[in-house]
Amino acid sequence: MALSVDRSVIRDARRLVVKVGSSSLTSPTGGLDGFRLQALSTALARQALSGVRVVLVSSGAIAAGMGPLGLTRRPKDLATQQAAASAGQGQLMAAYTNAFTLHGVRVGQVLLTADDMHRRSHYVNASRTLERLLELEVVPIINENDTVATDEIRFGDNDRLAALVAHLVDADALLLLSDVDALYDGHPTEPGSRPIRTVTSAEQIAAVDISGAGSAVGTGGMATKVAAAQMATEEGVSVLLTSADKVTAALSGDEVGTLFVPTGSKSPARRRWLAHASSATGRIVLDDGAVDAVVSHRTSLLPVGITRIEGRFTAGDTVDLCDDRGLVVARGLVGYDAEELRPLVGQRLARGPRLRNGAPAPRPVVRRDDLVVL
């Protein structure tokens with residue numbers, strides 16, 4: 001597959017997802033920085049007015065709520081985070097609405113939880129909503145619904161959410177805006193560290209230290225941004241990582257930031273959801289023959305190739321398919337309840353329509369059309 005390294009892919013994108021972090025929207029003392037927010041909104045409004053379908057994934061609700069609640073640092077406990085998000089989300093949207101309206105561009109708020117991505121019906125509904133907003137020339141402004149999200153069910157950071165939204169709206173490109181202007185081969189503050197201008201494979205950044213934490217008002221760090229970029233590029237989406245103050249240059253196709261080149265091509269929407277957004281409720285362990293059949297030959301999974309099942313699930317749930325060492329090799333929608341499947345583990349299909357014991361021949365455990373190889 002030919003790889004393009006031209007930053008014009010950002011400039012020429014007809015569907016663009018932009019993610020901005022809390023640190024790029026807030027002042028050093030906390031609270032929203034009106035100048036920064038206005039500058040970002042102006043740049044994105046120009047794109048929207050030129051015919052680009054723009055989707056903005058914006059952090060900042062918790063940071064915006066810290067001031068009204070008298071908080072001097074980002075809260076660590078979930079209840080206070082939810083309270084701050086509740087107090088700040090309205091301020092954040094009011095600021096965006098005013099900023100975009102100055103340019104004659106309408107915006108709409110969309111709050112998502114991880115459960116909205118995990119559940120197929122919710123995922124499809126979110127896709128329809130965003131599609132309709134874009135048809136109406138409205139810029140969707142998306143954030144995680146921190147007010148109701150729990151520690152157990154949340155995205156963890158808006159970088160991952162942005163990559164999932166890029167899949168959801170079938171974006172051409174994803175622009176990750178941060179307080180760092182690029183990915184560096186060392187810590188950005190260390191002497192001699194140099195920016196990495198183009199990333200074409202995961203191996204290229206394997207030796208780069210990206211373990212640093214995020215800012216005092218954010219949740220992500222460079223590791224979350226790189227992971228989000230890899231998630232997007234696997235599905236054919238070009239990703240540019242740069243600082244928020246270079247958004248205009250980035251949208252013009254200038255040589256700024258780090259460009260992550262697509263490593264794969266776009267798969268059907270259902271398979272994108274299975275691979276990246278769905279949440280597995282159980283595991284099915286396969287023998288070597290079944291692993292080869294599923295991974296190399298893309299066949300349906302039959303009971304004969306199963307050695308054991310783990311967890312509790314019902315027909316239609318997402319399950320991970322693993323080899324005998326526990327490595328997840330594929331993911332799919334299972335056709336059986338866990339208890340219904342257990343007696344069939346290791347059984348072969350008969351030549352006719354019934355098993356040797358007289359029972360009906362089992363249907364595939366996972367149909368190949370409901371399966372994605374990881």
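Source: prediction; values computed, not measured.
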hydrophobic_cluster_shared for [Y] and [X], side chain cutoff 4.5 Å:
X	Y	answer
Ile284	Val329	yes
Leu78	Leu111	no
Leu92	Leu102	no
Val17	Leu136	yes
Val285	Val372	no

So is Arg270 actually on top of Tyr123's ring, under 6.0 Å and inside 45° of the axis?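 Judged by the rule, Arg270 and Tyr123 form no cation-pi pair.
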
Are [X] and [Y] close enough that a side-chain donor and a side-chain acceptor fall under 3.5 Å?
X	Y	value
Asp115	Thr113	no
Asp77	Thr80	yes
Tyr96	Ser41	no
Asp181	Ser243	no
Glu144	Asn158	no

So which atom in [X] and which in [Y] form the shortest heavy-atom distance, rounded to 0.1 Å?
X	Y	value
Thr198	Gln204	O-NE2, 2.7 Å
Ser252	Thr248	OG-O, 2.9 Å
Ala290	Leu301	CB-CD1, 4.3 Å
Arg74	Met66	N-CE, 3.4 Å
Val328	Cys322	CG2-SG, 3.9 Å
Val55	Val165	CG1-CG1, 3.9 Å

For residues Leu168 and Leu130, determine if any side-chain heavy atom of one lies less than 4.5 Å from a side-chain heavy atom of the other. yes

I want to check something: taking the side chain as every heavy atom from C-beta on, are Arg283 and Val319 in contact at a cut-off of under 4.5 Å?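 In short, these two side chains do not touch, never coming nearer than 4.5 Å.
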
Nearest-0.5 Å distance, [atom1] of residue [X] to [atom2] of residue [Y]:
X	Y	atom1	atom2	answer
Asp369	Arg367	CG	CZ	5.0 Å
Ile62	Ser86	CD1	OG	11.0 Å
Lys19	Leu56	NZ	CG	10.5 Å
Leu16	Ser238	CG	OG	10.5 Å
Arg160	Met231	CZ	CE	5.0 Å
Leu251	Arg46	CG	CZ	10.0 Å

Please check if the side chain of Arg14 supplies one atom and the backbone of Arg53 the other of a donor-acceptor pair under 3.5 Å.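 Answer holds: no.
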
Would you check if the side chain of Asp337 reaches a backbone N or O of Ala315 as a donor-acceptor pair within less than 3.5 Å? yes

Test Leu176 against Leu240 for side-chain contact (heavy atoms from CB on, under 4.5 Å), laying out the working first. CA-CA 6 Å; Leu176 297 175; Leu240 182 66; over 6 Å; no

Assess whether a salt bridge exists between [X] and [Y], defined as any Lys/Arg side-chain N lying under 4.0 Å from an Asp/Glu carboxylate O.
X	Y	answer
Glu255	Arg7	yes
Arg15	Asp172	no
Glu135	Arg132	yes

Side chain to side chain donor-acceptor pair (under 3.5 Å) partner of Glu235, the single match among Arg272, Arg271, His276: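 In the set Arg272, Arg271, His276, the residue that makes a side chain to side chain donor-acceptor pair (under 3.5 Å) with Glu235 is His276.
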
More than 12 non-hydrogen atoms from neighbouring residues, nucleotides or ligands closer than 6.0 Å to [atom1] on [X], yes or no?
X	atom1	answer
Arg368	CZ	no
Arg194	CZ	no
Arg312	CZ	no

